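Everything on this sheet refers to the single structure shown next.
Computed from a predicted structure; not experimentally measured. Numbers for residues simply follow the sequence, beginning at 1. Start at 1 and go down the list; that is how both ligands and their atoms are numbered.
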Amino acid sequence: MAANNTVMSGIRPTGFLHLGNYFGAMRNYVKMQEEYECFFMVADLHSLTTHPDTRELKQNVHRVLAENIACGLNPDKAALYCQSHLYETSELYLYLNMLAYKGELEKTTTFKDKVRQHPQNVNAGLLTYPVLMATDILIHRASYVPVGKDQEQHLEMTRNFAQRFNHRYGEVFPEPMAFNFGQTLLKVPSLDGTGKMSKSENQMATLYLSDDDDSIRKKVMKAKTGEAPIEKNADMPEAIGNIFLLMELVSEADVIASYKHDFNECRIRFGDMKKQLAEDMVKFIAPIRQKTNDILANENYLKTVMEQGAEKARKSAKATMDQVRMVMGLNYF
Ligand code: TRP
C-alpha cells in the first residue's frame, strides 16, 4: 500500500525532558507538524507495563504535554492526545495480539532487558508491549514514525503485524517506516564526556528543560574539558569537542568560531568557554521552562488540549476500525 502523509509517534510520560530529547525528537516533531498529518500521543498505557502504580501518572502526563507544547508542538496542528483516552486502542490491540507469536515477542530486545530489570513482574502486557505500540501506529494507518534507534525493532514488528493482517484479512494498513525530518539527528553529548545525554545516566551530566538557571550554570561549569592544547592546530580531544558540539546547539556562530580559533592558537581558556556556554544555555532553556510552568498552572487549558487531541484521534481511529471489522468479517448485521 502506498505511503500516505500521516506521522505518528508516542512519548513516554516519564516527565522531565532533557536537551537530548529536544534536539533528538522534539524539534523534529515541531517541523513535521507543518507538513504532515501528525498524531503525537502520550504513552500512559505503556507505562503500566512496568509502573503499575498510577499515583504520579497524572502529574507526569501533564508535564510531558506542557513541555512538548512549550517546545513548539501546536495542538491546533498536530493531534496531541493521551493513549488511554483512545478506547479503540484496546480493541485493535486484541485483534493484533492474535497475530503476534509468543516466540517473536520473547525474542524482542526490550522485553529481554525488562525481564532482567524487573524479574518479579514479567506480565503479559510487558510481553505484548510491541503489539500495543503497533496498535498506536496502525490505528491511524500512519506511514511515518519518528523514533530513535532503540525503537526500530518494535517498528519492524509493526510492519510484520501489518503484513500478516493485510494478508489474512485484506489490505488495511500501510507498512510504517522510521522517519526523521531533514538528514541527520544532532548529537547531544552528555556533560561528563560519556556518550549521549540521557536521563537514566548521571543527572549532573544532563541538562533538563526544567533546570533553573543556577543548576544549568553549575552543571555546565562542571563539564569535562580534558587537557588544554599544547601545540597549534592539534586534534581536538573528545571532551572539548563535546563542549563545542553543545555550543553549536545554542551559541552564535561567530562566538563558536572565535573559541575554535583560540583552541587552534593554544589560547583557549576552558573556564571562559564554559561560562559562555552556560549563559547561552540559560538563554535557551529559561523561556521553555517558564512557558512549561505557565501551561502547568493552567489545568483547564491542558484539559482542553487533551480533549481536542482525543477527538481528532478518535475520528481517525474510528475510520480505521470500521475497515478492520469489515475485512475481518466481524459485521453480522
Ligand atoms: N515505545 C516508545 C518508547 O519507548 C513509545 C511509544 C509508544 C511509541 N507508542 C508508540 C513510539 C508509537 C512510536 C509510535 O519510546
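- Under the ring-ring contact (aromatic ring centres under 6.0 Å, His included) criterion, no residue pair touches residues 290-333, with sequence neighbours excluded.
- Contact residues for ligand 1 (protein heavy atom closer than 4.0 angstrom to any ligand atom): Met8, Ser9, Gly10, Arg12, Met41, Ala43, His46, Tyr129, Met133, Asp136, Ile137, Val145, Val147, Gln151.
- Using the six-membered ring where Trp is involved, Phe39 and His140 have ring planes that are parallel, under 30° apart on the 30 and 60° scheme.
- Note: Leu246 CG to Met281 CE = 5.0 Å, rounded to the nearest 0.5 Å.
- Only one option out of Val64, Leu45, Val305, Val61 pairs with Cys82 in a side chain to side chain contact (heavy atoms under 4.5 Å, CB included); it is Val61.
- A donor-acceptor contact shorter than 3.5 Å links the side chain of Asn123 to the backbone of Thr49.
- Relative to the ring axis of Phe244, Lys260 places its NZ or CZ within 45° and under 6.0 Å from the centre.
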